[in-house]
Amino acid sequence: MLLPRWAACAVALVLVAACSHAPASRRAGPLRIVATTTTLASLARGAAGPDADVRSLVPVGVSPEDFQPSPDAIAALHDADVLVENGVGLESWLDPTIRNAGNPNLRIVICGDGLPVVGGNPHLWMDPVFARAYVDKIRDALVAADASHAAAYRSTTAAYDTQLEALRARTARKIATIPAAARAMIVFHNAFDYYARRFGLRIVGAIEPVPGAEPNPAHFADLIRLARAQRVRGVFAEHEYSDKLALTLAAGAGGLKVAFLYDDSLGTGAAVNTYIGMIDTDTDTIVSTLR
């Protein structure tokens with residue numbers, strides 16, 4: 001029996017309304033992947049492929065330790081299929097943001113879980129060996145979320161893993177050109193501990209041992225003493241922060257070199273807008289400063 005035109009329209013409206021309140025399901029097309037930081041987004045893109053739908057919650061140039069989630073971040077998580085986070089206390093703002101997003105189908109990858117965390121330091125990704133472990137975890141999540149493209153994810157990840165291993169080897173060769181006695185550095189905060197352990201550098205101290213808290217005079221005086229005693233050649237600031245403290249420390253320790261490094265965030269230039277480019281650039285900066 002055919003319904004009158006007005007009745008058919010009414011039924012259609014009811015169906016549309018019902019669908020708008022139905023549980024969200026994954027749309028056709030690429031997985032929607034959200035990473036907390038630009039560095040993790042780059043690793044996720046390495047696992048998923050260059051055409052993947054990947055975005056970062058924390059913008060370029062912003063530290064995840066200082067980030068305040070916006071409504072856009074909540075909306076991105078609401079629509080996402082996979083969330084890539086670091087864990088180990090890096091994203092203290094994330095749990096309530098996930099709850100506010102109300103996405104029961106969100107698959108979460110915590111990259112730092114199960115890795116050898118030292119002293120609660122979350123910056124494991126700065127060691128390319130640990131970055132490879134991150135990518136393996138991301139691959140497994142992508143395969144679980146989108147099994148029909150499992151072979152492609154595995155192939156893409158394998159190719160990217162080869163690039164990361166080449167990065168590790170290349171970084172080791174570059175750092176080896178620094179005389180052993182000169183491989184000491186003062187950093188802005190503790191982001192380079194795992195990098196230093198992997199490649200044989202010594203972190204003499206950090207200007208801000210607690211992120212966001214300026215050092216007290218006693219700590220600053222101790223850093224100057226250590227820099228002189230250990231013949232440190234360079235103090236390393238970070239692009240997300242002012243270099244005022246680094247310049248003051250360098251002058252107080254006898255005119256040390258000051259250079260900038262990337263860690264929590266990628267940069268905007270072509271040389272530093274990927275994880276591999278960031279590590280290469282940081283390594284070249286360290287070598288030119290200390291050698």
Side-chain angles (χ1 to χ4, degrees), residues 24 26 30-49 52-146 153 157 160 164 189-191 193-195 211-212 240 262-266 273-275 278-279:
R26 193 175 84 76
L31 285 175
R32 293 163 291 190
I33 305 165
V34 172
T36 52
T37 70
T38 53
T39 50
L40 294 182
S42 181
L43 294 176
R45 195 168 284 109
D53 182 356
V54 183
R55 65 159 293 179
S56 170
L57 295 180
V58 181
V60 169
V62 176
S63 169
E65 288 138 341
D66 301 332
F67 180 63
Q68 297 296 321
S70 66
D72 285 347
I74 295 171
L77 288 177
H78 176 76
D79 294 336
D81 298 303
V82 176
L83 167 65
V84 179
E85 66 169 288
N86 187 75
V88 199
L90 181 73
E91 305 103 336
S92 59
W93 45 268
L94 186 57
D95 285 348
T97 308
I98 293 173
R99 288 195 297 271
N100 290 335
N103 182 353
N105 300 315
L106 183 65
R107 188 177 297 273
I108 301 174
V109 186
I110 305 177
C111 293
D113 276 3
L115 294 179
V117 176
V118 177
N121 188 330
H123 299 85
L124 292 147
W125 69 86
M126 294 303 295
D127 177 347
V129 174
F130 294 152
R132 294 173 69 188
Y134 278 31
V135 172
D136 285 348
K137 291 183 178 186
I138 296 168
R139 174 205 59 208
D140 291 346
L142 301 183
V143 168
D146 184 17
Y153 295 134
T157 299
Y160 189 54
L164 292 175
H189 80 305
N190 65 352
D193 288 10
Y194 298 105
Y195 177 101
E240 299 100 300
Y262 296 88
D263 48 78
D264 289 344
S265 171
L266 302 180
N273 65 2
T274 67
Y275 171 80
M278 178 188 79
I279 296 294

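Remark: side-chain polar atoms of His78 are not paired, donor with acceptor, to backbone N or O of Asn103 under 3.5 angstrom. Between the side chain of Asn121 and the main chain of Asn190, a donor-acceptor pair closer than 3.5 Å is present.
Nearest heavy-atom pair, Gly112 versus Val117, reported as atom, atom and distance to 0.1 Å: O-CG2, 4.4 Å. Pairing each heavy atom of Pro116 with each of Phe130, the nearest pair is CG-CZ, 3.5 Å. The minimum heavy-atom distance linking Val54 with Ala41 is given by the pair CG1-O, 3.6 Å. Here the closest heavy-atom approach between residue Ser42 and residue Tyr160 is recorded as O-OH, 4.0 Å. Heavy-atom minimum distance, Glu85 versus Ile108: OE2-CG2, 3.4 Å. What you find for Pro122 and Gly87 is that their closest heavy atoms are CB-O, 4.1 Å.
Applying the salt bridge (charged side-chain N to carboxylate O under 4.0 Å, His left out) rule to Arg45 yields no partners; only residues at least two apart in sequence or on another chain are considered. When the side-chain contact (heavy atoms from CB on, under 4.5 Å) test is applied to Asn100, the partners found at least two apart in sequence or on another chain are Ile74. Under the salt bridge (charged side-chain N to carboxylate O under 4.0 Å, His left out) criterion, Asp140 pairs with no residue at all, not counting sequence neighbours. Every side-chain contact (heavy atoms from CB on, under 4.5 Å) that Ala133 has, sequence neighbours left out, goes to Leu115. Checked against side-chain contact (heavy atoms from CB on, under 4.5 Å), Ala47 has the following partners two or more places apart in sequence or in another chain: Val135, Ile138, Leu142, Thr157. With sequence neighbours excluded, the residues forming a side chain to side chain donor-acceptor pair (under 3.5 Å) with Tyr195 are Thr283, listed by chain and number. Legend: residues meeting side chain to side chain donor-acceptor pair (under 3.5 Å) with Glu91, ordered by chain and number and at least two apart, are Thr36. Every side-chain contact (heavy atoms from CB on, under 4.5 Å) that Ser265 has, sequence neighbours left out, goes to Thr38, Val60, Glu240. A search for ring pair (Phe, Tyr, Trp, His ring centres under 6.0 Å) contacts involving Tyr153 returns nothing, not counting sequence neighbours.
The ring pair (Phe, Tyr, Trp, His ring centres under 6.0 Å) pairs that include a residue from residues 89-123 are Phe67-Trp93, His123-Trp125, His123-His189, where partners are two or more places apart or lie in different chains. For residues 101-127, the salt bridge (Lys or Arg N to Asp or Glu O under 4.0 Å) pairs, not counting sequence neighbours, are Asp127-Arg198. Residue pairs meeting the salt bridge (Lys or Arg N to Asp or Glu O under 4.0 Å) criterion with at least one member in residues 96-105: none, sequence neighbours excluded.
Checked against Leu83 for a side chain to side chain contact (heavy atoms under 4.5 Å, CB included), the options Thr97, Val34, Ile33 give a single hit: Val34. Across Asp81, Asp53, Asp146, Asp79, a single residue satisfies salt bridge (Lys or Arg N to Asp or Glu O under 4.0 Å) together with Arg32, and that is Asp81. With Tyr134 as the partner, the side chain to side chain contact (heavy atoms under 4.5 Å, CB included) test is satisfied by one option alone out of Leu124, Val84, Val109, Leu164: Leu124.
Taken from CG in Leu40 to CG in Leu90, the straight-line distance is 8.0 Å, to the nearest 0.5 Å. Taking CG from Leu77 and CG from Asp72, the interatomic distance works out to 11.0 Å, rounded to the nearest 0.5 Å.
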